[in-house]
Enquirer: 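Sending over a structure as structure tokens; questions will come in a sec.
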Amino acid sequence: PVMVQSFEDEFELPNNNPVTPGEPGDTLRKADDAESLGKEETTYYRKGIGKLLHMMRWSRPEIYNSVRDCSRHMSSVTKHHIKAMHRVMKHVVATPTRGWKLKPNRSWDGKDKTMEFVINGISDSDYAACKSTRRSVSGYAVFLEGAPVTVKSSMQKTVALSVTEAELMAGVTCAQDMLYARKVMESLQLKVRLPMLLEMDNKGAVDLANNWTVGGRTRHIETRQLFLRELKEEGVLSIKWKSGEDNPSDLFTKNLPGPLFRKHMVTFCED
């Protein structure tokens, strides 16, 4: 509550109450030298983004993508960047009681050692989202018994040459965090139900992960394909397709329009 109040006290927020933290379809671009603001405005922007990064990490997962996009422009700031920051802040101020939704599907009495805990993941990507580097954005979430334990929105480290490759990169990163969650549970001498379910909304990526045939156009991404396939063959992962409109990880790859934002937001947050 103190940080939410500081947004109103320390920043010049608009009078409207935006339904979403980011302008739907908008991706911030790198500033030209002629557009860059002065030192005072840059410090003002960095101060605000620092607060939002803390808010995003510990309390408000639905602003993850918008804050990630804003945080990429800390060295060269424009009026458009500051406007985007103000929109995120105003969204938080307008929904001050919203926060993480941590409600598992089942309870455990701490005694039943035969119970198998369920871990699943969902992943998505926004292809060539960055207009400067043409890198894609990965978004994913890992759930333990229906409660999110990991969410991520990040720019991919290399340029993907196709939508399918970008989706595979996001899926592999999600699978790695699912394996980490499994190892943590097993280190506590708890059982995890196998195979764990990974859902992606790109049929090409799902088919590549489930099929041992490698085509000439996908040979350059063979390593990622084989990683997922081996996990599938070992019975660790089950990789299935999920409709994009029903994939909550879409929330972490792009600024969504109001109805779709609200649909996916309730998976991770509650007021």
Side-chain angles (χ1 to χ4, degrees), residues 20-22 27-28 49-50 52-74 88 92 98-102 118-130 133 135-160 163-185 196-202 205-206 209 224 227-228 231 236-237 239-240 242 244 246-256 260-261 263-269:
T20 63
T27 301
L28 300 179
I49 297 303
L52 285 173
L53 284 167
H54 187 278
M55 180 71 70
M56 168 200 81
R57 175 67 180 86
W58 298 108
S59 180
R60 302 296 294 266
E62 89 279 16
I63 67 173
Y64 219 120
N65 180 69
S66 299
V67 176
R68 174 202 58 76
D69 198 15
C70 287
S71 68
R72 297 180 63 241
H73 305 278
M74 304 278 264
V88 183
V92 172
R98 183 176 296 168
W100 279 102
K101 180 180 179 181
L102 303 175
V118 177
I119 295 173
N120 67 288
I122 49 174
S123 69
D124 192 19
S125 73
D126 188 15
Y127 179 62
C130 179
T133 64
R135 293 184 181 181
S136 305
V137 176
S138 288
Y140 66 86
V142 177
F143 298 86
L144 173 61
E145 290 294 342
V149 293
T150 300
V151 299
K152 190 74 172 181
S153 174
S154 64
M155 191 67 67
Q156 294 180 357
K157 305 303 181 185
T158 58
V159 178
V163 175
T164 295
E165 182 178 356
E167 295 281 354
L168 269 176
M169 293 169 72
V172 166
T173 309
C174 182
Q176 290 173 320
D177 269 11
M178 292 170 68
L179 293 174
Y180 174 74
R182 177 195 174 193
K183 292 295 184 183
V184 170
M185 296 297 289
M196 299 180 291
L197 177 62
L198 170 60
E199 294 177 299
M200 299 186 284
D201 64 4
N202 182 274
V206 172
R224 291 190 179 91
F227 176 75
L228 290 181
L231 291 175
V236 175
L237 276 188
I239 303 161
K240 296 183 179 180
K242 188 180 186 71
D246 297 326
N247 189 346
S249 61
D250 201 25
L251 187 71
F252 305 123
T253 63
K254 59 184 74 71
N255 292 332
L256 300 174
L260 201 55
F261 172 82
K263 178 180 179 180
H264 293 329
M265 181 271 296
V266 296
T267 301
F268 305 97
C269 305

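Not measured: the values here are computed from a predicted model.
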Enquirer: Can you measure from CG (Asp250) to OG1 (Thr253) and round to the nearest 0.5 angstrom?
Expert: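 Those atoms lie 4.0 Å apart.
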Enquirer: Quick one, Val92 with Met55, criterion side-chain contact (heavy atoms from CB on, under 4.5 Å). Give me CA distance, side-chain angles, the key distance, then yes/no.
Expert: CA-CA 9 Å; Val92 172; Met55 180 71 70; 4.2 Å; yes
Enquirer: Show me, pair by pair, the donor-acceptor contacts under 3.5 angstrom made by side chains of residues 171-181, not counting sequence neighbours?
Expert:
residue : atom : partner : partner atom : Å
Thr173  : OG1  : Met169  : O            : 2.9
Asp177  : OD2  : Tyr140  : OH           : 2.8

Enquirer: Just list the side-chain donor-acceptor pairs under 3.5 Å for residues 146-157, sequence neighbours left out, or say none.
Expert:
residue : atom : partner : partner atom : Å
Ser153  : OG   : Arg68   : NE           : 3.1
Ser153  : OG   : Phe252  : O            : 2.5
Gln156  : NE2  : Ser138  : OG           : 2.8
Gln156  : NE2  : Ala166  : O            : 3.0

Enquirer: Without swapping roles, check the side chain of Glu199 against the backbone of Lys240 for a donor-acceptor pair under 3.5 Å.
Expert: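 Such a contact is absent between Glu199 side chain and Lys240 backbone.
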Enquirer: Heavy atoms, side chains only, cut-off 4.5 Å: are Asn65 and Leu251 in contact?
Expert: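 Answer no - side chains too far apart.
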Enquirer: Rounded to the nearest 0.5 Å, what separation is found between the CG atom of Leu231 and the CG atom of Leu237?
Expert: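 The CG atom of Leu231 sits 5.0 Å away from the CG atom of Leu237.
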Enquirer: Please determine whether side-chain contact (heavy atoms from CB on, under 4.5 Å) holds for the pair Arg98 and Met265, giving the CA-CA distance in whole Å, both sets of side-chain angles, and the decisive distance to 0.1 Å.
Expert: CA-CA 10 Å; Arg98 183 176 296 168; Met265 181 271 296; 3.6 Å; yes
Enquirer: Can you list everything that forms a side chain to side chain donor-acceptor pair (under 3.5 Å) with Lys242? Sequence neighbours excluded, please.
Expert: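 Lys242: no side chain to side chain donor-acceptor pair (under 3.5 Å) contacts found.
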Enquirer: Take Met200 and Ile122 through the side-chain contact (heavy atoms from CB on, under 4.5 Å) test and state the conclusion after the steps.
Expert: CA-CA 6 Å; Met200 299 186 284; Ile122 49 174; over 6 Å; no
Enquirer: At their closest point, which heavy atom of Ala205 faces which heavy atom of Glu167, and how far apart are they?
Expert: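 Distance-wise, the nearest heavy atoms are CB-CB, 3.9 Å.
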Enquirer: Search all heavy atoms of Trp100 against all heavy atoms of Arg57 and return the closest pair with its distance.
Expert: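 In terms of heavy atoms, the two residues are closest at NE1-O, 3.8 Å.
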Enquirer: How many angstroms lie between atom OG1 of Thr158 and atom CD of Glu165, to the nearest 0.5 angstrom?
Expert: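 Rounded to the nearest 0.5 Å, the OG1-CD separation comes out at 6.5 Å.
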Enquirer: Side chains of Asp69 and Ser66: any donor to acceptor distance under 3.5 Å?
Expert: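 No donor-acceptor contact under 3.5 Å links the two side chains.
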Enquirer: Could you state the interatomic distance from CG (Asn247) to OG (Ser123), rounded to the nearest 0.5 Å?
Expert: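 Going from the CG atom of Asn247 to the OG atom of Ser123 covers 7.0 Å.
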Enquirer: Between Asp126 and Ala129, is there a donor-acceptor pair closer than 3.5 Å when you use the side chain of the first and the backbone of the second?
Expert: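 Checking the backbone N and O of Ala129 against the side chain of Asp126, no donor-acceptor pair under 3.5 Å is found.
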Enquirer: Run the side-chain contact (heavy atoms from CB on, under 4.5 Å) test on Leu28 and Arg72 for me, step by step, so that the C-alpha distance in whole Å, both residues' side-chain angles and the decisive distance to 0.1 Å come before the verdict.
Expert: CA-CA 9 Å; Leu28 300 179; Arg72 297 180 63 241; over 6 Å; no
Enquirer: Looking only at heavy atoms, what is the nearest atom pair of Leu53 and Ser71, with distance?
Expert: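 The answer is CD2-CB, 4.3 Å.
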Enquirer: Say you draw a straight line from OG1 of Thr164 to CG of Asn202; how long is it, rounded to the nearest 0.5 Å?
Expert: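 Taking OG1 in Thr164 and CG in Asn202, the distance rounds to 4.0 Å.
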Enquirer: Are any of the side-chain heavy atoms of Tyr64 and Met56 separated by less than 4.5 Å?
Expert: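 They are in contact (side-chain heavy atoms under 4.5 Å apart), so the answer is yes.
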Enquirer: Please enumerate all residues that pass side chain to side chain donor-acceptor pair (under 3.5 Å) together with Ser136, with sequence neighbours excluded.
Expert: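 Residues passing side chain to side chain donor-acceptor pair (under 3.5 Å) with Ser136: none at all.
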Enquirer: Could you list the residues that satisfy ring-ring contact (aromatic ring centres under 6.0 Å, His included) with Tyr127, not counting sequence neighbours?
Expert: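 Partners of Tyr127 by the ring-ring contact (aromatic ring centres under 6.0 Å, His included) criterion come out as none, since no residue qualifies.
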Enquirer: What heavy-atom pair brings Pro21 and Val88 nearest, and what distance separates the two atoms?
Expert: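 Looks like O-CG2, 3.2 Å.
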Enquirer: CG of Leu144 to CE of Met185: how many Å apart, nearest 0.5 Å?
Expert: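 Here the rounded value is 5.0 Å.
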Enquirer: Quick one: ring-ring contact (aromatic ring centres under 6.0 Å, His included) partners of His73, sequence neighbours excluded?
Expert: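 Partners of His73 under the ring-ring contact (aromatic ring centres under 6.0 Å, His included) test: His81.
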